[in-house]
**Student:** 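Quick one: the structure is below, and I'll ask about it shortly.
Atom set for the values below is all heavy atoms of this structure, side chains included, hydrogens, waters and symmetry mates excluded. Predicted, not measured: the structure shown is a model, and the values here were computed from it.
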Amino acid sequence: MEKNASAAGSVEDAKGVYPDIAIIDASQETDRPAQTSSTVRGLTLKHIQLIGIGSTIGTGLFLGCGRSLIAAGPLGSLLAYLIFCAICWGVCLGAGEMGSFKPVPGGFISWAGDYVDPAASFAVGWNYFYAGTMFGCADIVGVAGLFGYWLPDVTPAAWITMSIVIIFCLNAFHVKFYGESEFYFASLKIILIVMLILMAFIVMLGGNPQHDRIGFRYWKDPGPWASYYKQGALGRFLGFWNVFKIAAYSVGGPEFVSMCAGETVWPRRNIPKAVKGVLFRLTLFFFFGILACGVLVPYNDPLLAKAIKSGVGADASAYVVGMKRVGIKVLPDVFNAMVITSALSCANGFAFVGSRVVHSLAVRGQAPKIFARTTKHGVPIYALLVVLAIFCLCYMQVSTNAATVFGWFINLSSVAQLLNYVAMTITTLRFRAGLKAQGISRHDLPWTTKYTIPYSWFCLVMLTLIVLTQGWTVFVHGGWDVQNFLTCYFGIGFVFVAYFGWKLWHKTKIIKTDEMDFKSFVPEFDALDDEYRAAHKVPTTAIGRAFDRMF
C-alpha cells in the first residue's frame, strides 16, 4: 500500500473518516481551541511502553497468586499462567497490526465495527466498558483491603473515597497526567516484582532469619499439583483449568496498548514497539512471579487458606505468607505499600480506558451524545464521571465481607475480559480475510508478523473453551449457586443481548470482506506518520541511543 504524502500534504490538511481524532502534536496542545469531541495525541513511547508493562502486572499477580496456588499447586498454576500469557500474546499481535494500521480512538471497538459488524462494535464496546469498570472496582476493593492490613479499624469507605478522588485528579485534566502517572506507577510495579523474585531466590537458598535452605521443598511435599474438587488426575486437571479464570483477572490488560492508539504520538512506530515487548514481559514477570509463590509457601498452608477466605489484604498474598513463614518482619509492610500503588495504578488505567470506550461509542452514535464531549484538553469528562460513579459499587464492601465482594468482581471482570479477547481474535481474523480478499499483502501494513493468523485461531479455540467452562462448578452435583452462576455467565448473556438487540433494531449486516475500507483513511495517517518522522530527533550519543531504545 503506497503512501500518498503529496495528496495528504501535512497533518493539518489530512482529513479522514474519523473526525474525532485530533491530529496534532501534544506539545502544541495548549494553543488549540476547545474541542467538543476530540481526544489528544499526548502519549509518547515511554508512556505506551510502561502502560504496556503496567497493564500486564496487576494486583491479580500479587493478591491472586495464592488462590491459584491453592487450586492447582505450584506446577499447575505455573503452566496455566504460561498458557494464558501465550493467549494474551496472540491477542496482542492482531492489536498491534490493526493499531499501527488504523490508530483511531476506541481501538478494537472501532475495528470491530469496521471489519465485523456495527452491532459487534456496540456489543464489544459496552462489554469492554463493563469489564473495565468491574476490574477497576476489584482493584479499589483491593486498595481498601490492603489499607486494612495496617488500619483494620478504619472503615473501608475512607480508602474507597480516597482512591476515587485520586483517580479523578489523574484523569480529569490532561492525558499527559495519566501517561506520567502510569509511567511512575509501572516503574514501581517493576521494582516490586523484581524485588519479590530476588527475595524468593535468596530465601530458597537459605538467606532468611531462620537460615532454612528451602529450595524446592514444597514441590516435593505436598507436591507440584493440587487436586480441586476430586482426587487423582481429574482433580489435578480441574485445578489447572480453574486457574485460567484467575489468570484472566491477573494478566488482563495487554489490549490497553490498542485502546491508547488514538491518543498515541507517532502510533505507527510506538504501537508496534510496545506490542513487541509484551511477550518478554509476560514470560519474565509471570513465570518467575508464580514460580516464586510455589517456592515460598506450600499450597496446603492453613494460614494462606484462612486469609483468602477472610479478606483481600496483604495477608491473603502468598508472598506475605511466605515471608512470615521464614520470620521476615519488615518486607510485608513494604510489599503492602507497593501493592497499594499497583492497585491504584490498575484502577486508574481502567478508569482511563473505560472513559475512552464510552467516548468512542458516543462518537459512533452508540452511546448518548453527551459522552462524546471533551474538555479543551481532550478529556472525555462526562464519560469519566460515569466510570467513577460505577466505581462507587465498591462501597458494598462496607456491609459485606471483602473477600466475597472481591470474588464477585473477579468473576464478573474475568468472563467479560475473556469475551473481549474472543472479539479481538475474531476481528483480527476478519481484518486479515479482508486484506486477502482485496489483494492487499500483509507486508503492506506498517507492522505485521507471520504468526498472527495461527496464533489467533489458537487463541479463539482456547478462549471459547475457557469462557464456556469457567463456571463449571455450579453444574456438578451439589454445586449449584445462583451468585456464582450469575457472576460467571452474566457476561455471555449481556454480549448476546447487546449484539442481537442492536442488530435487529438497526438492521445491521456483517460487513463483506470485499467491502471493507482499507484505503480512505490511509492519506491521513501517512501524513501523520510523515510529520512525526520529520520532527523526530535521532539521538547522537551512545547513552542517548540506549535510552531511546529502552523507552
Side-chain angles (χ1 to χ4, degrees), residues 1-5 8 16 18 45 48-49 51-52 56 85-104 106-116 254-262 264-283 420-461 463 511 513-530 532-533 536 549:
M1 194 176 299
E2 296 182 359
K3 291 186 177 182
N4 190 9
Y18 284 86
L45 179 57
I48 295 299
Q49 289 277 24
I51 287 171
T56 58
C85 285
I87 293 172
C88 289
W89 169 237
V91 173
C92 282
L93 292 180
E97 285 191 355
M98 293 183 287
S100 57
F101 178 66
K102 194 173 187 178
V104 296
F108 73 93
I109 297 168
S110 297
W111 305 328
D114 295 335
Y115 306 124
V116 182
E255 77 288 351
F256 267 47
V257 175
S258 73
M259 291 300 299
C260 296
T264 301
V265 173
W266 200 354
R268 286 190 174 175
R269 183 196 71 154
N270 293 342
I271 294 296
K273 279 179 175 287
V275 168
K276 284 187 287 186
V278 168
L279 178 62
F280 171 75
R281 298 169 195 141
L282 288 173
T283 304
N420 288 331
Y421 287 171
V422 169
M424 291 178 73
T425 55
I426 292 173
T427 303
T428 298
L429 293 170
R430 291 282 298 167
F431 171 74
R432 281 296 201 92
L435 292 176
K436 184 177 180 180
Q438 297 185 29
I440 302 173
S441 171
R442 69 177 179 86
H443 298 290
D444 293 329
L445 300 175
W447 181 78
T448 186
T449 170
K450 63 182 179 181
Y451 303 110
T452 301
I453 294 298
Y455 251 127
S456 294
W457 279 113
F458 164 75
C459 293
L460 183 59
V461 172
L463 289 166
I511 298 172
T513 54
D514 58 353
E515 294 178 357
M516 295 178 183
D517 179 17
F518 294 110
K519 296 181 179 179
S520 66
F521 53 86
V522 171
E524 176 178 350
F525 293 116
D526 280 349
L528 179 66
D529 189 55
D530 290 339
Y532 282 128
R533 193 180 301 277
H536 179 61
R549 187 173 182 82

**Student:** Which atom pair, heavy atoms only, marks the closest approach of S456 to G90?
**Tutor:**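 Shortest heavy-atom contact: OG-O, 4.5 Å.
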**Student:** If you take all heavy atoms of T428 and G94, which pair is closest and at what distance?
**Tutor:** OG1-CA, 3.5 Å
**Student:** If you look at every heavy atom in P523 and S520, which pair is closest and at what distance?
**Tutor:** CD-O, 3.7 Å
**Student:** If you measure from CZ on R442 to OG1 on T449, what distance do you get to the nearest 0.5 Å?
**Tutor:**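 If we round to the nearest 0.5 Å, R442:CZ and T449:OG1 are 6.5 Å apart.
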**Student:** How many angstroms lie between CE in M424 and SG in C88, if you round to the nearest 0.5 Å?
**Tutor:** 9.5 Å
**Student:** Answer with yes or no after comparing the ring centroid distance for Y421 and F108 against a 6.0 Å cut-off, counting only values under it.
**Tutor:** no
**Student:** Are side-chain heavy atoms of R430 and T513 found at a separation under 4.5 Å?
**Tutor:**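 With C-beta onward as the side chain, the pair touches.
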**Student:** Check each of T448, I453, T452 against L93 using the side-chain contact (heavy atoms from CB on, under 4.5 Å) test, and report the only one that passes.
**Tutor:** T452
**Student:** Going by the rule side-chain contact (heavy atoms from CB on, under 4.5 Å), which residues pair with A112 if we only count those two or more places apart in sequence or in a different chain?
**Tutor:**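 Checked A112 against side-chain contact (heavy atoms from CB on, under 4.5 Å); matches are A120, T427.
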**Student:** So, do F431 and F518 have ring centers that fall under 6.0 Å from each other?
**Tutor:**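 For F431 and F518, the ring centres are under 6.0 Å apart.
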**Student:** Locate the shortest heavy-atom distance separating G434 from M516; write the atom from each residue and the value.
**Tutor:**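 In terms of heavy atoms, the two residues are closest at CA-SD, 3.7 Å.
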**Student:** Tell me the salt bridge (Lys or Arg N to Asp or Glu O under 4.0 Å) pairs involving residues 90-99, sequence neighbours left out?
**Tutor:** E97-R432
**Student:** How close do W447 and G96 get, counting heavy atoms only, and between which atoms?
**Tutor:** CE3-C, 3.7 Å
**Student:** Taking all atoms of both residues into account, what is the closest heavy-atom pair of K102 and D114, and its distance?
**Tutor:**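 That closest heavy-atom pairing would be NZ-OD2, 2.9 Å.
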**Student:** Not counting sequence neighbours, which residues clear side-chain contact (heavy atoms from CB on, under 4.5 Å) with T425? List them please.
**Tutor:**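 V91, C459, L460, L463.
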